[in-house]
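Contents: one structure, followed by commentary.
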Amino acid sequence: MNLIRWREGLWALLVLVAAALMACGLADVFSFLIEPPTYPVGHRLVLLGSLAFAGAAVWSWLRQGPRWVSVLTGLPAVVVGGLALQFEDGGWGVLTGYFLIPAALIAMLVELLNPYDAGQRL
């Protein structure tokens, strides 16, 4: 049985924290008609989650994980965080978050369950 090493476990924890921060922030920001009273807090949570996703992507790149894992981990930071900065009151960030946050979590799970060989970087 393969045990998860501390380095991969801490990286996975960072991805989980980033996903939780961004999802909670998107839930606070989303509204159809009026700006919710928790909007400023939600916007900060989205940006903090983006920063955590960016850190997880850089960490994955530095530890020479598969490139597709680094890309899928960094996409929520670039797309959802970028949309949050560009269109503060738009729903595009929420829509992209529905797809990119689960994609990053799936990449994290695949990385944990299937350890890679550092010489075979895809």
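For reference, positions follow the sequence shown, starting with 1.
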Residues forming a side-chain contact (heavy atoms from CB on, under 4.5 Å) with I106, sequence neighbours excluded: V110

Going through the distances and angles, do I101 and L26 end up as a side-chain contact (heavy atoms from CB on, under 4.5 Å)? CA-CA 11 Å; I101 294 172; L26 289 174; 4.1 Å; yes

Suppose we screen for side-chain contact (heavy atoms from CB on, under 4.5 Å). Which residues come up paired with A54, at least two apart in sequence or across chains? A77

Any heavy-atom pair between the side chains of D28 and V46 that's under 4.5 Å? no

For A12 and L112, work out which heavy atoms get closest and say how close. CB-CD1, 3.5 Å

Are E111 and W11 close enough, and set up right, to give a side-chain contact (heavy atoms from CB on, under 4.5 Å), and what steps lead you there? CA-CA 10 Å; E111 176 70 19; W11 172 77; 3.8 Å; yes

Co-membership, hydrophobic cluster, residues V79 and Y98, 4.5 Å side-chain: yes

Listed by chain and number, what are the side-chain contact (heavy atoms from CB on, under 4.5 Å) partners of L14, not counting sequence neighbours? A52, A56, W59

S60 and V69: which non-hydrogen atoms are nearest, and at how many Å? OG-CG1, 3.9 Å

With clusters defined by side-chain heavy atoms of hydrophobic residues (ILVMFWY) lying less than 4.5 Å apart, directly or transitively, does L47 cluster with L83? no

Qualifying residues under side-chain contact (heavy atoms from CB on, under 4.5 Å), relative to L21, sequence neighbours excluded: V17, L45, L48

List, by chain and then residue number, the residues other than V78 in its hydrophobic cluster (Ile/Leu/Val/Met/Phe/Trp/Tyr, side-chain heavy atoms under 4.5 Å); write none if there are no others. none

Specify the closest pair of heavy atoms between G49 and M22, including all atoms of both residues, with the distance to one decimal. C-CE, 3.8 Å

Atom pair CG (L13) and CD (E8), whose distance is rounded to the nearest 0.5 Å: 13.5 Å

Treat each ILVMFWY residue as a node, draw an edge where side-chain heavy atoms are under 4.5 Å apart, and state whether L85 and L51 are in one component. no

How far does CG of L72 sit from CZ of R67, to the nearest 0.5 angstrom? 14.5 Å

For the student: nearest non-hydrogen atoms of S70 and A57, plus distance: O-CB, 3.6 Å

Determine, stepwise, if the pair L105 / L16 fulfils side-chain contact (heavy atoms from CB on, under 4.5 Å). CA-CA 7 Å; L105 290 175; L16 286 174; 3.8 Å; yes

Check whether L75 and W68 end up in the same hydrophobic cluster, where Ile, Leu, Val, Met, Phe, Trp and Tyr are linked by side-chain heavy atoms less than 4.5 Å apart. yes

